[in-house]
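Given the structure is predicted, the values throughout are model-derived calculations rather than measurements. Order of the sequence lines fixes the chain letters, A, B, ..., with proteins taken first and strands second; residue numbering starts at 1 for each chain.
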Amino acid sequence: MLDLTQNLIFGFGVAVTPENLLFCLIGALLGTLVGVLPGLGPVATIAMLLPVTFTLPPVAALIMLAGLYYGAQYGGSTTAILVNIPGESSSVVTTIDGHAMARKGRAGSALAIAALGSFFAGCVATAIVAVFSQPLVRVAGSFQSPDYFGLLVFGMVAAVVLAQGSVVRSVAMVVLGLFLGLIGTDIASGQTRFTFGISALADGVGFVPVAMGLFGIAEVIGSLERGGARHERIERISRLWPTREEARRAWPAVLRGTGIGSVLGVLPGGGALISAFAAYVVEKKIAKDPSRFGQGAVEGVAAPESANNAGAQTSFIPLLAMGIPPNPVMALMLGAMTIHGIVPGPKVMTERPDLFWGMIASMWIGNLMLIIINLPLIGIWVKFLQIPYRWLYSVILVFCCIGVFTVNNTTTDVLVMALFGVFGYLLLKIRCEPAPLILGFILGPMLEENFRRSLIVSRGSWSVFLERPICAGFLALSLVFFLLVLLPTIRRRREEAFREG
Amino acid sequence: MSQQGAKRREPRPLPSADLCSGLMFAGIGVVALWVGADYPLGVPSRIGPGYVPRLLGILLVAIGLFLMVRSWWTTERIEPTVAWRPLLLISAATIAFALLFEASGLLPAILVSVGIANYATHENGWITAVVLGAVLAFFAWLLFVKGLSLPLPVWSK
């Protein structure tokens, strides 16, 4: 405990240097902005900002990028409440009751509840990251290749189960992602695989162009098809303070949402989106009068908004403790760490304590900044909502192009991004979620490497995966997860949960 | 597709989401197996570069076939419309950026790609193309070249 306190004090010491405070603020501001703007998400923005972070010290860079992710969770609710469009995918459920509150003239208190709930959740989640990362790092230190293999398999199964849409298609998307991860030179044998004789592919397909194509370019095309993110009117903001009755209802919902988000964020495939959905469904299930939901129930804003912020923050735990990114945003954070020569994993905490604890401390500071950015300054963000999408998309496109180019200084990556933009649009059309693909893509090389090493140790016997208890445990858990979701009742529930939006 | 069972409520038979995605996955799997056929498989205790691709290829084909079979009784349909205008113009703008950046630098690349992308929606006229292109080119230069001093060619011949 003393140890933890000392580490946190050390972390705050790192986080409150003027430079790090400034980048924390920039991250929070940018995050709020992309959160408010529909059609621009944290994945595309972080990818665009990767080149900017080249010139920064690693701690400042990661503090800024982290701030962007949880900042987007704050900003997303503003658009959801005021214009009935999710500014961020994780605020989809907030549109239901948040906008209903706004129509009843309670926009101000909906915004306040969302921001205060997020702040509370952010504080709790920061504490959870600080407390739980350390023991997890110790556990991860004792992992051997088969255990990592088991963990990775579990991660992908969980990602599939928690993803939206058809389970079987999501499995196929993970496999496709794993496959794309193989493109390039095999590190063990030096053989080039699936490069079709193109020399630029010998180093593999970059993660940034793939992610930007699937999430940036494809999203622009899709938004244009839907006629842009058009909105008729922005609701007026009334008094910002919730009434006593509203506060009484919101408080327990914030607690539940924070709990749900904190747990789901840690799971691979978890993060902000699933946390918000789950929290909303739970509120509706336990409410005495579920018919209030959809009519402006305070709990329907408080719970998912707390949950998405908690989930966004606790999803840093698997990345920081084990070097395994649970979602695309964390994969980009991993990319950012690699750019700065930091190998994510259990060693970060001992080798770069300034980075590890500084980042955790900055999360609490960032949340404090965000509540100020989002409540008194709400009027400024509403102004940004008036930028028409027909101007915005060209800006997004140009920044995607420059961002992708600067990561490796090659225009091949821009072409790869264009290709994956078209592919992403195709996936959108045939109703396949791109998130599982990205996860498979990042984890593919790690999976193959640990698979290979396990088999070397066991002299070719697959039984090694069942003999080591940790690995066998993960594989059993994966199987249980997978079978559960195939059960008709659970499957129907899962579909219901995702249909709320 | 299982359109014989005239109970369907859709007025017009739409393609099945499972059938289309199944075809895609199986197709990619077949290509993967075909291209990867020559990669050495190695022995179980020391797997070669072909081992994992073979596994994944088989898995892709299997899931693809399963989806195709399943499409007989699943009802999820897709909209077979394609938004050609944004699809073609946005990808053309991205490709143009890559080629022009290589050939003549950042500013021409921005101006031309904004000029192309601008027409992805019919709401935009030439004025937005000119204004947005100029503003973006200026800010990109200010931010990336002046501000962050990234070594980007601004305007080369």
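In this structure, the separation between CD on E102(B) and CZ on F405(A) is 7.0 Å, given to the nearest 0.5 Å. Here the CG-CG distance, from L56(B) to L447(A), works out to 8.0 Å after rounding to the nearest 0.5 Å. For the atom pair CZ of F101(B) and SG of C401(A), the computed distance is 10.0 Å after rounding to the nearest 0.5 Å. To the nearest 0.5 Å, the span separating CZ on R431(A) from CZ on R77(B) amounts to 10.5 Å. Here CG of N409(A) is found 7.5 Å from CG of L152(B). Values are rounded to the nearest 0.5 Å. Distance check, rounded to the nearest 0.5 Å: OG of S45(B) to CG of L455(A) gives 8.5 Å.
Between F423(A) and M24(B) there is a side-chain heavy-atom pair separated by less than 4.5 Å. Side-chain contact between Y39(B) and L182(A) is absent, with no heavy atoms from C-beta onward closer than 4.5 Å. A 4.5 Å side-chain heavy-atom check between R452(A) and V52(B) finds every atom pair outside the cut-off. Using a 4.5 Å heavy-atom threshold, the side chains of R169(A) and E76(B) count as touching. Using a 4.5 Å heavy-atom cutoff, the side chains of R85(B) and L224(A) are not in contact.
Neither the backbone nor the side chain of I187(A) comes within less than 4.5 Å of any heavy atom of chain B. Interface residue I47(B): backbone and side-chain heavy atoms are both found under 4.5 Å from chain A. Only the backbone of T192(A) comes within contact range of chain B, judged by heavy atoms closer than 4.5 Å. Of the atoms belonging to V131(B), not a single heavy atom falls under 4.5 Å from chain A. Proximity to chain B is limited to the side chain of L426(A), based on heavy atoms less than 4.5 angstrom apart. For L106(B), the part sitting under 4.5 Å from any heavy atom of chain A is the side chain, from C-beta outward, and nothing else. Looking at T121(B), both its backbone and its side chain come within 4.5 Å of chain A, counting heavy atoms on both sides. When heavy atoms are compared at a cutoff of 4.5 Å, V220(A) approaches chain B solely by way of its side chain, counted from C-beta outward. Proximity to chain A (any heavy atom under 4.5 Å) is shown, for L89(B), by neither the backbone nor the side chain. Both the backbone and the side chain of L87(B) come within contact range of chain A, each with at least one heavy atom under 4.5 Å from a heavy atom of that chain.
For chain B, the option among A418(A), G421(A), A172(A) with the highest count of heavy-atom pairs below 4.5 Å is A172(A). Ranked by heavy-atom pairs shorter than 4.5 Å toward chain A, the options T128(B), D18(B), V114(B) are led by D18(B). Between chain B and the residues Y393(A), F179(A), W391(A), the largest count of heavy-atom pairs under 4.5 Å involves Y393(A). Your options are L99(B), L59(B), I90(B), and the one with the most heavy-atom pairs under 4.5 Å with chain A is I90(B). Per-residue counts of heavy-atom pairs under 4.5 Å with chain B were compared for R459(A), R193(A), M173(A), Q191(A); the largest is that of R193(A). Comparing I217(A), V398(A), L56(A) by heavy-atom pairs within less than 4.5 Å of chain B, the highest count is held by V398(A). Ranking S21(B), S91(B), A93(B), G29(B) against chain A, the residue ahead of the rest is S21(B), based on heavy-atom pairs under 4.5 Å. Heavy-atom pairs under 4.5 Å with chain B peak, among V457(A), T410(A), I456(A), at I456(A).
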Could you tabulate the donor-acceptor pairs under 3.5 Å formed by side-chain atoms of residues 132-141 of chain B, not counting sequence neighbours?
none

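Remark: side-chain polar atoms of Y425(A) are not paired, donor with acceptor, to backbone N or O of V82(B) under 3.5 angstrom. The closest donor-acceptor contact from the side chain of R390(A) to the backbone of A120(B) lies at 3.5 Å or more, if one exists at all.
A tilted orientation is assigned to the rings of F451(A) and Y51(B), their planes being inclined by 30° to 60°.
Checked options L397(A), I402(A), T411(A); the residue passing with F97(B) is I402(A) (criterion: side chain to side chain contact (heavy atoms under 4.5 Å, CB included)).
Heavy atoms only, all atoms of each residue included: A98(B) and L415(A) are closest at CB-CD2, 3.7 Å. Taking each heavy atom of F194(A) and A32(B) in turn, the nearest pair found is CE2-O, 3.3 Å. Between I430(A) and C20(B), the shortest heavy-atom contact is CG2-CB, 3.8 Å.
Every residue two or more places apart in sequence or in another chain was checked for a side-chain hydrogen bond (donor to acceptor under 3.5 Å, both in side chains) with T406(A), and none qualifies.
Other residues, nucleotides and ligands contribute at most 12 non-hydrogen atoms within 6.0 Å of the CZ atom of F482(A). More than 12 non-hydrogen atoms from other residues, nucleotides or ligands lie less than 6.0 angstrom from CG of N124(B).
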